[in-house]
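The shown structure was predicted, so the numbers you read here are calculated from the model rather than taken from an experiment. Counting from 1, the numbers follow the sequence of the chain as shown.
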Amino acid sequence: MQDKRILEETLCLGTGVVESVRKEIDGTIVASCRPRKGQSNICPHFGRHRPVYDCSPSPRRWRTIDQGPVMAFVEYATVRVECPEHGVVVAAVPWAEHASRFTREFEQQVAWLACRSSKTATAELMRIDWASVGGICRRVYDELDAEAGDRFDGLVRIGIDETSYKKGHKYMTVVLDHDANRVVWCAKGHGKAVLKPFFEQLSEDQRASIRVVTADGARWIAELAESYCPNAERVMDPFHVVSWMTDVVDELRKQAWRRARAAERRGELAAGGAKAVKGSRYALLKNPEDLTEAQGESLERVAREDKPLYRAYLLKERLRDVFKAGSGAEARLRLESWLASACRTRIDEVKELSKKVRRHKDAIVRAVELGISNARVEAINNKIKLTVRMAYGFRNFDNLVALVMLRCSNLPIALPGR
């Protein structure tokens, strides 16, 4: 009896009972099991006892935790029950999820490994098919998410952003809870039609609890936040604001490089002049405190030889200084000064950008007052990209979402027996 109970625990049967154990010709261990009386003939969807409809003529197998170097299986001749709501369905078993070929503990171990290594390594270590890893992650996430309760409760400050997950402009939209530093929702694609279902599935109380929405300058995000969350204010993400100016500086550098290359071909510029302009990219885009000695010399060359480009660089640094202000009032003064300088400059690209910044002036100042940004969302985006690279891609987007949520939503994945 004692040996039997030990075997039930090592095979991770839950409330299952081991009736017999045998060793197959290929060396695998097969344990014939059955559910206990209170766990048999249960509808997998409704969770209640139902009358038996028929029995399977042959036993079904579930892969369970390996017994040392040997693969192990659980075997049981399943029955079908007749449910008035769901019809004739296969009865639930206590050691596995419905429609799964693996025990719960086996799937938890696979999901734990998939969050820390590639799908190929996980599949090889656990001796399963590569494609099975994604499906297992999805089932484990669904189970953990159901146990954790409504993940939308208690949302106060959220961040919204999109990130690419595949080549060919394939994007996914991510919503983050700033206070808990966890992903609460993600979906395939980006735009108003993609984000709208997120707000629609929130209850009235959940929408009312949201006070801050951080995002980039997309108007559709502001429109959805205003229409669905009456108590929320939109806060402009500092990273995106500075990146707008960074893009302008880089475009001006490219224009200067094209002019220098043309002048070099005409013999009006010494050889290597165009290459020097092209090599100034990092000197113009990096923070001044992070420049190397060579990049500092490159920046000095730009200051001497291309005044408009250098003025744009200085404006970029002044815009960064807005977000270093110690208070909202100071940030507003710095921003007003920057807008005045940007409007007076004779650089058309900077003038056009100043109009865009002016539209988001209040949201920018509010970001400084609250001391909040989308930095955590950007960090999550990098983690998502790392997840995709580690897995060497995903054929099923739902499985990708499941793995992202497992890694980024603070759901506890426990290793069996720990």
Side-chain angles (χ1 to χ4, degrees), residues 157 159-161 178 211-219 221-222 225-226 232-256 277 280-291 295-378:
R157 303 189 300 175
I160 302 172
D161 200 8
H178 280 291
R211 294 291 187 270
V212 176
V213 177
T214 64
D216 57 17
R219 294 184 179 180
I221 295 180
E226 291 173 1
E233 57 179 330
R234 186 178 66 89
V235 175
M236 192 63 214
D237 175 44
F239 173 83
H240 285 91
V241 176
V242 176
S243 70
W244 295 341
M245 191 63 204
T246 300
D247 292 341
V248 169
V249 172
D250 197 40
E251 178 58 32
L252 293 174
R253 180 195 61 84
K254 292 177 183 178
Q255 294 176 11
V277 175
S280 65
R281 180 173 185 268
Y282 290 106
L284 292 166
L285 302 186
K286 285 178 69 174
N287 298 335
E289 60 272 16
D290 298 330
L291 293 177
Q295 290 168 348
E297 294 174 356
S298 179
L299 186 60
E300 292 175 0
R301 187 184 304 112
V302 171
R304 293 192 306 268
E305 300 175 0
D306 197 325
K307 301 297 183 183
L309 179 57
Y310 188 67
R311 284 199 300 272
Y313 165 79
L314 293 177
L315 284 171
K316 186 258 293 185
E317 292 305 314
R318 285 180 59 187
L319 188 57
R320 286 180 64 239
D321 288 339
V322 171
F323 297 100
K324 296 178 181 178
S327 64
E330 184 182 355
R332 188 175 294 275
L333 288 175
R334 292 185 183 184
L335 186 57
E336 290 288 358
S337 175
W338 184 91
L339 288 170
S341 299
C343 291
R344 287 195 303 267
T345 186
R346 288 174 290 179
I347 306 173
D348 294 337
E349 291 84 355
V350 176
K351 284 184 177 180
E352 191 64 28
L353 176 62
S354 68
K355 299 176 183 178
K356 184 176 182 180
V357 173
R358 189 177 294 276
R359 289 198 301 267
H360 300 285
K361 182 173 65 174
D362 293 336
I364 291 173
V365 173
R366 194 66 178 133
V368 176
E369 291 176 341
L370 295 174
I372 193 172
S373 70
N374 255 17
R376 286 176 175 170
V377 182
E378 296 299 329

Test log, rule side chain to side chain contact (heavy atoms under 4.5 Å, CB included), inputs Arg234 and Glu226: CA-CA 8 Å; Arg234 186 178 66 89; Glu226 291 173 1; 5.7 Å; no
Side chains of Arg157 and Val235, heavy atoms from C-beta outward: is any pair under 4.5 Å? no
State, yes or no, whether a side-chain contact exists between Val365 and Met236 at a heavy-atom distance under 4.5 Å. no
Within the side chain of Lys316, is there an N or O that forms a donor-acceptor pair under 3.5 Å with the backbone of Val248? no
In this structure, CG of Leu353 is separated from CZ of Arg358 (nearest 0.5 Å) by 11.5 Å
With no hydrogens and no angle check, do the side chains of Arg318 and Ser337 hold a donor and an acceptor under 3.5 Å apart? yes
What pairs of donor and acceptor atoms, side-chain ones from residues 319-333 against any protein atom, are under 3.5 angstrom apart with sequence neighbours left out?
| residue | atom | partner | partner atom | Å |
| --- | --- | --- | --- | --- |
| Arg320 | NE | Asn287 | OD1 | 3.2 |
| Arg320 | NH1 | Glu317 | OE1 | 2.6 |
| Arg320 | NH2 | Asn287 | OD1 | 3.2 |
| Ser327 | OG | Glu330 | N | 3.3 |
| Glu330 | OE1 | Gly326 | N | 3.1 |
| Glu330 | OE2 | Arg334 | NE | 3.3 |
| Glu330 | OE2 | Arg334 | NH2 | 2.4 |
| Arg332 | NH1 | Asp362 | OD1 | 3.4 |

Please determine whether side chain to side chain contact (heavy atoms under 4.5 Å, CB included) holds for the pair Lys356 and Glu352, giving the CA-CA distance in whole Å, both sets of side-chain angles, and the decisive distance to 0.1 Å. CA-CA 7 Å; Lys356 184 176 182 180; Glu352 191 64 28; over 6 Å; no
Hey, which of Glu233, Arg366, His178, His240 is the one that makes side chain to side chain donor-acceptor pair (under 3.5 Å) with Thr214? His178
Value for CG (Leu370) from CZ (Arg211), rounded to nearest 0.5 Å, stands at 12.5 Å
Glu349 CD to Asp247 CG distance, which is reported to the nearest 0.5 Å: 12.0 Å
Do Asp161 and Asp216 have side-chain heavy atoms sitting under 4.5 Å apart? yes
Compare all side-chain heavy atoms of Glu336 with those of Lys361 and state whether any distance is below 4.5 angstrom. yes
Taking the side chain as every heavy atom from C-beta outward, state whether Ser341 and Leu315 have any pair of such atoms under 4.5 Å apart. yes
Value for OG1 (Thr246) from OH (Tyr313), rounded to nearest 0.5 Å, stands at 10.5 Å
May I ask you to test the Leu335-Val357 pair for a side-chain heavy-atom distance under 4.5 Å? yes
Working to the nearest 0.5 angstrom, can you tell me the gap between Ser280 OG and Asp306 CG? 8.5 Å
Heavy atoms, side chains only, cut-off 4.5 Å: are Tyr310 and Leu299 in contact? yes
Nearest heavy-atom pair of Val213 and Ala225: which atoms, and what distance? CG2-CB, 4.2 Å
Roughly how far, to the nearest 0.5 Å, is OG1 of Thr345 from CG of Leu314? 10.5 Å
More than 12 heavy atoms of other groups within 6.0 Å of Arg304 CZ: yes
All heavy atoms of Leu339 vs all of Ser354, minimum pair found to be CD2-O, 3.5 Å
Do any N or O atoms from the side chain of Lys351 and from the backbone of Ile347 form a donor-acceptor pair under 3.5 angstrom? no
